[in-house]
Each structure stands twice: as structure tokens, then as C-alpha cells.
Amino acid sequence: MSMRQKAKVRGGAAVAVAAVLALALAGCGGDGEKAKEPTKSETPQAQGSSPQQPAPTASKSSGPLEVIATAQGPSGVVLELNSAVRDQDGYVTVSGQIKNTGSTTFSNIGPLRGDEKTASPASVAGASLVDAVGKKRYLVLRDTEGRCACTTGLAFIKAGESAGFFAQFPAPPATTTEVVFGLPTFAAATIKISG
């Protein structure tokens, strides 16, 4: 097996782990949309599609998700963080909702990708975790082709609607239980890592 094939297998394994984690979270009282989020990366051709498609909206069928932190964004948009879970493979997956509580459609999604220009457009690739005690910043994981291990395909969020998201990071040391989550254009939010 060539190095390129091995790298693709590893990238696929990371997507599979994210999918299993999302399904596990959905089974613990999440809304059905969480289980679908990791599959966004399996349609890379859709990433360059027209920004006329709305962002995926959260299902309203299940009860409300636990909110571990909130952060204010531009134009009445609020970031709700629902979980930060450490797994045994050395990753932390943060998931939540971007809610548009304003009266107009939120379409300024571009800054959420950070410096990312090509591999993961319309994504939350600009997210980061900061371990203040360890004085270290963790960025969203990437596959071998440079795509983020995060939600992609965001285009706009209509007033009164929300879009679920996830982002996966290298895990800080096990002794670190509290980190600061950052996403461009939103205030920083302190969250506790579970697991």
C-alpha cells in the first residue's frame, strides 16, 4: 500500500471516528441533526458550490440540548456550545449550534473559516481551543488533503434558525479540564472538557 493510500485510509478513519462520536452524542439526547454533521466532509465537491444554499438547520424534534457556554457574535448571532468531549484516541470534539436570533439572514459565514482559503470553505475551520494553564493553542485537525475535521457547507442562517456544528482538535494534556473556545467574529467562551 503506498503512502498516499495509507494517508487516505487514516483520513477516512478520522471521519469514521467522528461519525461514531456524533452518533453516540445523538443517542444521548441530541437532536437527530448531530449524527449527520460528520458526513459533510464526504461531499467535497459540494464545498465549492453556490453560497445560495442555507446552512443545515437543527431539528426541533428532541428536547433542548445542554448548553455548557454561550458567546455573542455579530448581528444577533449567538454561539451555543453543547459539549466538549475527550476521547481515548487523543482528540477533543466540540459541538454546538450557531443560532440567528436577529431579524435578518446571517450570511457572513466566510470569517468563521479563519485563514482557510481552499480546502474547507464555508466551514468553522477557524475555531481554536486555548489551554491557558499550559499556554498552548490548539487548531482544528486536518486530513491529508488539508480539509478540516469540522462542519463544512455553511452558507447562511435565516432569522430564527440555527445550524449545528462540530470541530475536532488534538486533546490537551489529561490534567487540562478547562479550555477557551474561540471562533472568529464571536466572543471567546470558557468550556469544560468531559470524558
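Note that this is a predicted model, so its numbers are computed, not measured.
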For [X] versus [Y], what's the shortest heavy-atom pair and its separation?
X	Y	result
A171	Y138	O-CE2, 4.2 Å
F106	N100	N-ND2, 3.3 Å
S162	Q97	OG-OE1, 3.4 Å
V140	A167	CG2-CB, 4.2 Å

State, yes or no, whether a side-chain contact exists between [X] and [Y] at a heavy-atom distance under 4.5 Å.
X	Y	answer
F169	L139	no
E66	N82	no
T105	I157	no
P172	V179	yes
P170	L141	yes
D87	Q168	yes
K99	V77	no
L65	V67	no

How long is the straight-line distance from [atom2] of [Y] back to [atom1] of [X], given to the nearest 0.5 Å?
X	Y	atom1	atom2	answer
R113	L154	CZ	CG	11.5 Å
T93	R86	OG1	CZ	11.5 Å
F156	I109	CZ	CD1	9.5 Å

**Asked** Who pairs with R142 by salt bridge (Lys or Arg N to Asp or Glu O under 4.0 Å), at least two apart in sequence or on another chain?
**Response**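 Residues passing salt bridge (Lys or Arg N to Asp or Glu O under 4.0 Å) with R142: E116.
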**Request:** Given side-chain contact (heavy atoms from CB on, under 4.5 Å), test F165 with L79 step by step and report yes or no.
**Result:** CA-CA 10 Å; F165 77 92; L79 182 68; 3.4 Å; yes
Side-chain donor/acceptor pairs under 3.5 Å, residues 121-131, sequence neighbours excluded:
unit_1, atom_1, unit_2, atom_2, d
S123, OG, S120, O, 2.5
S123, OG, A125, N, 3.2
D131, OD1, V133, N, 3.2
D131, OD1, G134, N, 2.9
D131, OD2, T176, OG1, 3.0

Solution key, residues 180-195 side-chain donor-acceptor pairs under 3.5 Å, sequence neighbours excluded:
unit_1, atom_1, unit_2, atom_2, d
K192, NZ, E178, OE2, 3.0
S194, OG, A84, O, 3.3

